[in-house]
Amino acid sequence: MKIMLGIESSCDETACALVNDKKEILSSLVWSQYDEHRAFGGVVPEIAARAHLDKCDVLIKEALKRTNKTFSDLSAVAVAAGPGLIGGVLVGVMTAKAIALAHHLPFIAVNHLEGHALTVRLFQSVTFPYLLLLTSGGHCQILVVKGVGNYERLGGTVDDSAGEAFDKVAKMLNIGYPGGPNLEKRANSGNGRNIHFPVPMKGKAGCDFSFSGLKTAVRVCIDKQENLSEEMKNNICAAFQNAVVDEMKDRLTHAVDIFCTRYPAGKYLVVAGGVAANKAVRAMIEQTAEKNGLIFAAPPVQYCTDNGVMIAWAGMERHLLNISDSLDFKARPRWGLDELKGA
Ligand code: KG4
Ligand code: ZN
């Protein structure tokens, strides 16, 4: 039995997990830094790095204790080595390297985006190649996942990511941090029918996204209100969420065409990343899959936002292919999936 320790510290969650090669999650701990960042309305990199430093080793110790395991039971250690806020990434990488060195374990530098991209395979038997909408706080991309370390990018955002747009609109509406989940809750009790926001790339060729014009339209709409009632805020949330979903649907229609033509053996349409926790987004992807004869797949909601399981699992996929990294691997603030090497 192989057991992988996964460590995640690239943004505002310190997380670790133990996963085995039988696809069992032995332990998963996530420490969200919301309280540390709430007063600032967003993630402050320096505060994040210090909070990761405080929590990283404590969480790892606790994960091992809860499963009655020690470092000697591990087969390897995996860590999100980028992309992300470099201070936090460094904390995770140094911790993982120290464990690997002291306990003679293989060290696996996982690309955070690959963590999101492969997590679904821990829960469902999704075979390569699959079409993936990866939508998080830092990224919004459509990719063909051809294998571990083997990605073809069909499109991406030309400005903000979807998660960033959710967070910025939530901030404009003063509905609290973290923005995405709060905005979704309000959208559920709002009615967006009478507010018309632009769907930036609708009708344009290709698979690229844009969200900044939509964000500006929300700003203009808010500024026009004499008295921004709670009901109006909910309606704006609903209209904004509808526009995001419409944008994704339009872009995916093109991507599905390309995918089905280039990869006729491909069966799955997958959504992953923090925004994949959004029920309206999931429902739209499910409908798109159904309409095009593809199978919808996504990680369970709690494993869409950042967690240790996704890093442990991506590490396990690499370990099973005998891929590891040397201890002089440098943490990377920027690291595209197309720069990865497969087996
Ligand atoms: O994947 P993730 O945890 O971190 C990054 O890798 O960036 O994604 C976080 C993003 C945030 O922008 C957050 O607002 C958004 O995912 N998010 C959501 C929801 N839950 C998290 N956006 C919309 N609806 C949600 N329910
Ligand atoms: Zn993420």
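Every value quoted in this text rests on a predicted model; they were computed, and no experiment measured them. Residue numbers start at 1 and run along the sequence shown. Counting starts at 1 for both ligands and their atoms, in listed order.
Ranking the protein heavy atoms by distance from atom 20 (N) of ligand 1 puts Gly274 O, 3.5 Å first. The protein atom (non-hydrogen) at minimum distance from atom 11 (C) of ligand 1 is Asp167 OD2, 3.5 Å. Here the protein heavy atom with the shortest distance to atom 18 (C) of ligand 1 is Gly180 CA, 3.6 Å.
Just one residue in the list Val120, Thr119, Leu143, Val145 forms a side chain to side chain contact (heavy atoms under 4.5 Å, CB included) with Val270, and that residue is Val120.
For ligand 1, none of its N or O atoms has an N or O atom of Gly273 under 3.5 Å away. The N/O atoms of Gly163, backbone and side chain alike, include one that comes under 3.5 Å of an N/O atom in ligand 1. Of the N or O atoms in Asn278, one or more lie within a sub-3.5 Å distance of an N or O in ligand 1. For ligand 1, the polar-atom distance check against Gly137 finds a nitrogen or oxygen pair separated by under 3.5 Å. The shortest N or O to N or O distance between His112 and ligand 1 is below 3.5 Å.
Annotation: Tyr303 is in aromatic contact with Phe123 [ring centroid separation under 6.0 Å]. Note: Phe240 and Phe166 meet the aromatic proximity criterion, with ring centroids under 6.0 Å apart.
Atoms of ligand 1 found under 4.0 Å from any heavy atom of Gly138, numbered from 1 in the order shown, are 7 (O). Which parts of ligand 1 touch Glu184 is read off a 4.0 Å heavy-atom cut-off, strictly below it: atoms 24 (N), 25 (C), 26 (N). Near Thr305, meaning under 4.0 Å from one of its heavy atoms, ligand 1 places the atoms 3 (O), 21 (C).
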Passes side-chain contact (heavy atoms from CB on, under 4.5 Å), Trp31 versus Cys56? Steps please. CA-CA 9 Å; Trp31 177 267; Cys56 198; over 6 Å; no

Mind running salt bridge (Lys or Arg N to Asp or Glu O under 4.0 Å) on Lys215 and Glu164 for me, showing each step along the way? CA-CA 10 Å; Lys215 204 179 59 189; Glu164 212 174 336; over 6 Å; no

Between Tyr263 and Ile258, is the side-chain contact (heavy atoms from CB on, under 4.5 Å) condition met? List the steps. CA-CA 8 Å; Tyr263 302 93; Ile258 297 171; over 6 Å; no

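Excluding waters, the protein N/O/S atoms found under 2.8 Å from the Zn ion (ligand 2) are His112 NE2, His116 NE2, Asp306 OD1.
Within a 6.0 Å sphere centred on CH2 of Trp335, other residues, nucleotides and ligands contribute more than 12 heavy atoms. Atom CD of Glu231 has 12 or fewer heavy atoms from other residues, nucleotides or ligands within 6.0 Å.
Rounding to the nearest 0.5 angstrom, the gap separating the CG atom in Leu132 from the CD atom in Glu152 is 13.0 Å. A distance of 10.5 Å separates CG in Asp306 from SG in Cys304, rounded to the nearest 0.5 Å. Note that CG of Asp159 is 3.5 Å distant from OG of Ser212, once rounded to the nearest 0.5 Å. Here the straight-line distance linking atom CG of Leu214 with atom CZ of Arg219 works out to 13.5 Å at 0.5 Å rounding.
Both the backbone and the side chain of Asp306 come within contact range of ligand 1, each with a heavy atom under 4.0 Å. Contact annotation for His116 and ligand 1: only side-chain heavy atoms (C-beta onward) come within less than 4.0 Å of the ligand.
Geometrically, Arg121 does not engage Tyr130 in a cation-pi contact defined by less than 6.0 Å to the ring centre and at most 45° from the axis.
Pro181 counts as a contact of ligand 1, since one of its heavy atoms falls under 4.0 Å from the ligand.
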